[in-house]
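The structure under discussion appears below in the form of structure tokens.
Note: hydrogens, waters and symmetry copies are ignored here, and every other heavy atom, side chains too, is used. This structure is a prediction, so every number in the text was calculated from the model and none was measured.
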Amino acid sequence: MKNFVFLLVVVFFGSPLAKGLESGADQRLRTTFLQSAFQSGSMVVVVGDRGLVGVSRDFGTSFTASVALDDQLMLNSVQFIDENTGWAVGHGSSIVKTDDGGRTWKVQHQDLTQDRPLFGVYFLNSKIGVAVGLWSLILRTEDGGATWNSLSPVVFGGSEQFDLNIYAVFGDGKHIYAAGERGFVARSDDGGLTWEPMHVDYSGTFWTGGVNNNGDVFVAGLRGSAYVHSADHAEWVRLETQTKASITDVKFHNGDAFFSALDGVSLRIPSGGGAARSRRGLAACRSRVFLSGAMGSHCIFLRKVLFSRYDDTVASLCR
């Protein structure tokens, strides 16, 4: 079994280390609640309230904003499979797609007859994708989103689920994982058609998850709860995060796992182990999403009205 330890970083947004939105960023990103982000290389895409999408090609130095939903519903999650093709999901069971790197978006699916938001989206490839949401909602496509089919009621391990909120969907290019309320985690080996539950000894809510390059599966959520299922261990192992801050996002860089929490707590779990240490700023920063390692030199925190880059002094803590 691998040894997992963490580095705790709490950064004050008002400190002189923080760099705010620069002159090239769209003003709308300063005043919009940003829910989620996707990063690949120097490209960063953020989505949030009022259907807003922000795209950066220079790792956050400047952004171009567009509105992906005419009715300005909130977008909750975004994923790109290459520099041009991506999907975002949100309220009203909305799914939008771009083929030009986020400049324009087309609505592929929407149901405004009931408030049943989608919270996560994941594509295995350009054709097969899954979106998850409220009340066990799972939508699946085999044609890049031209058509979406509902799997509700979802069958997990032989039993139907109607009232389970699913907050995260993620994968490793082969398997798809979903996580949500009541310690729920499930895996699909056939592109989201069927799902098998993965028992975790936890009854709270998972908000996020991810798979590193070693095949280790991480899930995390309320009150600092985080678990890992590694390739060399049959059971889920609870990570001692030593925080009660709810974890909202996980990213990976050079084998390390980085968690972001709502009150500004950041956790680093090195792949090779090592001594734990901690640093604290003067105040919490309410971070929502943590992106790490693009260009090999920066860490990014994302929150309401502010997208901040940090200089190499802070980045050195996150390597």
Side-chain angles (χ1 to χ4, degrees), residues 1-9 36-41 43-44 77-81 120-125 130 132 167-180 183-189 192 196 198-200 202 206-221 224-243 247-261 265-276 287-302 315 317-319:
M1 174 63 192
K2 297 180 178 66
N3 294 319
F4 293 96
V5 297
F6 68 91
L7 170 65
L8 179 65
V9 184
S36 183
F38 177 85
Q39 175 250 323
S40 178
M43 182 177 75
V44 178
S77 182
V78 60
Q79 187 209 7
F80 275 64
I81 59 170
V121 61
Y122 177 77
F123 271 75
L124 281 173
N125 49 49
V130 173
V132 301
Y167 292 116
V169 61
F170 54 95
D172 57 8
K174 181 179 180 181
H175 311 290
I176 304 178
Y177 300 87
F184 167 77
V185 181
R187 188 180 82 174
S188 175
D189 298 330
E196 286 296 324
M198 303 177 70
H199 175 71
V200 184
Y202 175 68
F206 291 126
W207 283 353
T208 187
V211 186
N212 67 12
N213 290 334
N214 297 324
D216 303 322
V217 183
F218 292 79
V219 290
S225 298
Y227 291 78
V228 61
H229 187 280
S230 64
D232 59 358
H233 199 279
E235 303 294 330
W236 288 89
V237 175
R238 184 181 178 92
L239 301 173
E240 297 300 326
T241 62
Q242 298 183 15
T243 179
I247 298 171
T248 60
D249 197 33
V250 58
K251 293 291 187 292
F252 304 97
H253 177 56
N254 290 340
D256 295 350
F258 293 84
F259 293 97
S260 176
V265 174
S266 174
L267 306 175
R268 175 193 181 190
I269 304 176
S271 60
S287 62
R288 169 73 188 184
V289 176
F290 183 68
L291 305 178
S292 65
M295 317 281 278
S297 63
H298 291 87
C299 296
I300 289 182
F301 288 84
L302 173 67
L317 301 176
C318 306
R319 292 194 183 105

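- Minimum interatomic distance between Gly224 and Thr241 (heavy atoms only, all atoms of both residues): O-OG1, 2.8 Å.
- Between atom CH2 of residue Trp236 and atom CE of residue Met198 there is a gap of 4.5 Å, rounded to the nearest 0.5 Å.
- With sequence neighbours left out, the side chain to side chain donor-acceptor pair (under 3.5 Å) criterion links Tyr202 to Ser225.
- In this view, Asn125 and Lys127, Ile128 satisfy the side-chain contact (heavy atoms from CB on, under 4.5 Å) rule, not counting sequence neighbours.
- Shown here for Asp172 and Lys174, the closest heavy-atom pair between the two residues is OD1-N, 2.9 Å.
- For the pair Asn212 and Phe218, the tightest heavy-atom approach, listed with the atom from each and the gap, is ND2-CE1, 3.6 Å.
- In this structure, the side chains of Tyr122 and Val130 stay at 4.5 Å or more apart for every pair of heavy atoms.
- For Asp189, the side chain to side chain donor-acceptor pair (under 3.5 Å) partners are His175, Arg187, not counting sequence neighbours.
- For Tyr177, the ring-ring contact (aromatic ring centres under 6.0 Å, His included) partners two or more places apart in sequence, or in a different chain, are Phe170.
- Under the 30°/60° scheme for interplanar angles, the aromatic rings of Phe206 and Tyr227 are found to stand perpendicular.
- Thr248 contributes atom OG1, which lies 14.0 Å from atom OH of Tyr167 (distance to the nearest 0.5 angstrom).
- With hydrogens and angles disregarded, no donor-acceptor distance shorter than 3.5 Å links the side chain of Asn214 to the backbone of Asp216.
- Annotation: side-chain contact (heavy atoms from CB on, under 4.5 Å) contacts of Thr208 (sequence neighbours excluded): Ala220, Ile247, Asp249, Val250.
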